[in-house]
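Read the structure below first, then the notes.
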Amino acid sequence: MPKAAKGRSGKAEKKRSKKDPNAPKRGLSAYMFFANEQRENVREENPGVSFGQVGKILGERWKALSDKQRAPYEAKAAADKKRYEDEKQAYNADGDDDASS
DNA sequence: CAGCTGATTGTTGGC
DNA sequence: GCCAACAATCAGCTG
């Protein structure tokens with residue numbers, strides 16, 4: 001696996017700040033859709049487990065799926081991205097319906 | 001021209 | 001309302 005280390009270097013640091021005025025929130029991620037469905041299943045097989053467990057289990061199950069199984073989730077993610085494209089568009093449009101400002 | 005980075009998305013669960 | 005691991009993302013900016 002090529003490709004130099006990607007974004008998250010490897011630390012569990014979170015931080016997100018604003019930077020754009022309209023900030024076109026990106027589309028969701030395949031994991032988001034997958035979690036939406038598995039969260040029920042995972043929690044059912046792991047009753048009483050706090051997010052810490054479910055969260056990790058969810059991740060394991062996620063990768064446990066076959067590329068094809070994630071396909072539907074990826075598909076949703078792609079569809080969601082589309083939605084984001086729209087926001088991005090408005091972001092570009094600068095919300096100026098009238099060229100004359 | 002190419003590569004990186006940051007920002008974001010949603011789950012649960014308690015205070 | 002926020003925070004945390006878990007995973008994907010991928011669009012935009014910069015040198």
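We name chains A, B, ... by the order of the sequence lines, and we start the count at 1 in each one.
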Discussion item. Starting the side chain at C-beta, find the nucleotide from B:dT12, C:dG12, B:dT9 nearest to A:Lys88.
Written reply: C:dG12
Fill in: Nearest-Å distance for atom pair CD/C1', residues A:Glu74 and C:dA7
11 Å
Item to complete: Find the distance A:Glu40:CD to B:dG10:C1' and express it as a whole number of Å.
Response: 14 Å
Worksheet item: Out of B:dT8, B:dT12, C:dT9, which has the shortest distance to the side chain of A:Phe51?
Response: B:dT12
Discussion item. Rounded to whole Å, please give me the gap between CD in A:Glu87 and P in B:dT8.
Written reply: 12 Å
Worksheet item: What's the OH-C1' distance between A:Tyr31 and C:dA5, to the nearest Å?
Response: 8 Å
Practice prompt. Check the distance between C:dA7's P and A:Asn36's CG and give it to me in whole angstrom.
Written response: 17 Å
Discussion item. What is the separation between atom CD on A:Glu60 and atom P on B:dT11, rounded to the nearest whole Å?
Written reply: 21 Å
Which pairs of donor and acceptor atoms, one on a side chain in residues 51-73 of chain A, lie under 3.5 Å apart (sequence neighbours left out)?
| unit_1 | atom_1 | unit_2 | atom_2 | d |
| --- | --- | --- | --- | --- |
| A:Ser66 | OG | A:Gln69 | OE1 | 3.1 |
| A:Arg70 | NH2 | A:Glu74 | OE2 | 2.9 |

Response to the item:
By nearest-nucleotide position on DNA chain C, the 5'-leaning member of A:Gly27 and A:Gly55 is A:Gly55
Worksheet item: So which nucleotide from C:dA8, B:dT12, C:dA5 ends up closest to the side chain of A:Lys63?
Response: C:dA8
Fill in: Neighbours of DNA chain C within residues 78-86 of chain A, by heavy-atom distance under 4.0 Å
A:Lys81, A:Tyr84
Worksheet item: Among C:dT9, B:dG10, C:dA5, which nucleotide sits nearest the side chain of A:Lys56?
Response: C:dA5
Fill in: Given B:dT12, C:dT9, C:dA7, the nucleotide with the shortest approach to the side chain of A:Arg26
C:dT9
Worksheet entry | Minimum heavy-atom distance between A:Phe33 and A:Lys76, given as atom pair plus value | CD2-CD, 3.3 Å
Discussion item. Rounded at 0.5 Å granularity, tell me how far CG in A:Asn41 sits from CZ in A:Phe34.
Written reply: 8.5 Å
Worksheet item: Which pair of heavy atoms, one from A:Ala77 and one from A:Ala30, lies closest together, and at what distance?
Response: CB-N, 3.4 Å
Worksheet item: Separation of A:Tyr73 atom OH from C:dA8 atom C1', in whole Å?
Response: 14 Å
Fill in: side-chain contact (heavy atoms from CB on, under 4.5 Å) partner of A:Glu85, chosen from A:Arg83, A:Gln89, A:Lys88, A:Glu87
A:Lys88
Worksheet, complete the sentence: Here the distance between atom C1' of C:dC6 and atom CZ of A:Arg61, to the nearest Å, is 14 Å
